[in-house]
Amino acid sequence: MKTIMVVGAGQMGSGIAQVAAQAGYAVILNDIKDEFVQRGLQTIAKNLSRSVEKGKMEAAEKEAVLSRLKPSVALEDAAAADLVIEAAVENMAIKAEIFKQLDAVCPEATILATNTSSLPITEVAAVTKRPEKVIGMHFMNPVPVMKLVEVIRGLATDDAVYGEIEALSRKMGKTPVEVNDAPGFVANRILIPMINEAVWTLYEGIAGIEEIDQVMKLGMNHPMGPLTLADLIGLDTVLAICEVLHEGMGDKYRPCPLLRKYVKAGWLGRKTGRGFYQY
Ligand code: CAA
């Protein structure tokens, strides 16, 4: 495996592209608009500069990593990739369309992975003619920092493909953990109900935003409170995952109306400058 294309240059896609380039792969960073790709590349450059300033990376290494990243606004560029990792929005119709197009342009041997945080891998795989080469590769945010990758097989995923993705995850400095294809996998099945419960706690007036976060930080030693974390993930993504859990597993997972209201208002967290907090 030499060349990896990452589809989606947002916070997850740019993070994945960064760790892939740091692991020595040639990376094609793709999005629908050049401005999105450039924003992703700027984030990567900023992260690498910070590492250089802290003395954790040589300036020459930063330049080498950046030189391995190529911008793209055409999915056809996937024809040059040995692996595509899709990190577009958490929406099945959009992912299905991307996978159909990738399946049409990629050579037979290309592995197609999705960074979906909750959608069924088997369903994504089924829109392609290569379900045995489709797999879930779920990174955590912020990607350059978090060690976990959940690796999820679809019903038809080949063992050899699983093995390649497991080895790649390690090469990227991550620890792969195999989990089964079920709503939210493991990470989000446990995390998102906690965040949703924090929003219900706020909605019902039990405590304020900062108080809820303080309780979980100081009381449970979480590195950030659930509402701060929701702002980091993006409230649209939190809601989308919560909907998948609700649909797949029932009322226990019903999204709090306040979460919906924030998303409708366009208060999506850090990325829009306002969520539970203002940035
Ligand atoms: N990108 C790259 N690097 C980042 C970063 C970012 N966005 N944010 C922080 N870092 C780096 C810093 O540069 C710093 O690096 P060094 O150790 O090399 O100096 C390191 O991370 C620690 O950062 P800080 O000292 O600034 O702050 P911190 O100690 O509070 O850590 C944090 C920040 C790592 C984000 C920490 O608060 C944390 O672990 N939070 C929880 C994150 C979490 O739960 N993520 C999972 C989200 S769920 C998910 O992603 C799944 C999904 O599908 C929704």
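Start at 1 and go down the list; that is how both ligands and their atoms are numbered.
Atom CG of L155 sits in a sparse spot, with 12 or fewer heavy atoms from other residues, nucleotides or ligands closer than 6.0 Å. Sparse packing is recorded around NZ of K217, with 12 or fewer heavy atoms of other residues, nucleotides or ligands lying under 6.0 Å away.
Closest approach of L202 to L258, counting heavy atoms only: CD2-CD2, 3.7 Å.
Contacts with ligand 1 closer than 4.0 Å are made by heavy atoms of both the backbone and the side chain of M140. With a heavy-atom cut-off of 4.0 Å, M146 touches ligand 1 through its side chain alone. Counting heavy atoms closer than 4.0 Å to ligand 1, residue Q11 contributes nothing at all. At a heavy-atom cutoff of 4.0 Å, ligand 1 is contacted by the side chain of N47 but not by its backbone. Residue-level proximity to ligand 1 for L229 is carried by the side chain, the only part with a heavy atom below 4.0 angstrom. Of all the heavy atoms of I192, none lies under 4.0 Å from any atom of ligand 1, so neither backbone nor side chain is involved.
For atom 23 (O) of ligand 1, the nearest protein heavy atom lies 4.0 Å or farther away. Within 4.0 Å of atom 50 (O) of ligand 1, at least one protein heavy atom is present. Distance screen at 4.0 Å: atom 47 (C) of ligand 1 has a protein heavy-atom neighbour inside the cut-off. Within a 4.0 Å radius of atom 26 (O) of ligand 1, the protein contributes no heavy atom. Less than 4.0 angstrom separates atom 29 (O) of ligand 1 from none of the non-hydrogen atoms of the protein.
Which of V238, N141, V145 comes nearest to atom 10 (N) of ligand 1 through a heavy atom is settled by distance: it is V145. Here atom 38 (C) of ligand 1 lies nearest to P223 when heavy atoms of S14, G225, G234, P223 are compared.
For Y262, the ring-ring contact (aromatic ring centres under 6.0 Å, His included) partners are W267, F276, not counting sequence neighbours.
The shortest side-chain heavy-atom distance between E108 and K133 does not fall under the 4.5 Å cut-off.
Side-chain contact annotation: Q38 with Q42, donor-acceptor N/O pair under 3.5 Å absent.
When each of H138, E90, E243 is paired with S118, the side chain to side chain donor-acceptor pair (under 3.5 Å) condition holds for E90 and for no other.
Distances between N or O atoms of K54 and those of ligand 1 include at least one value under 3.5 Å.
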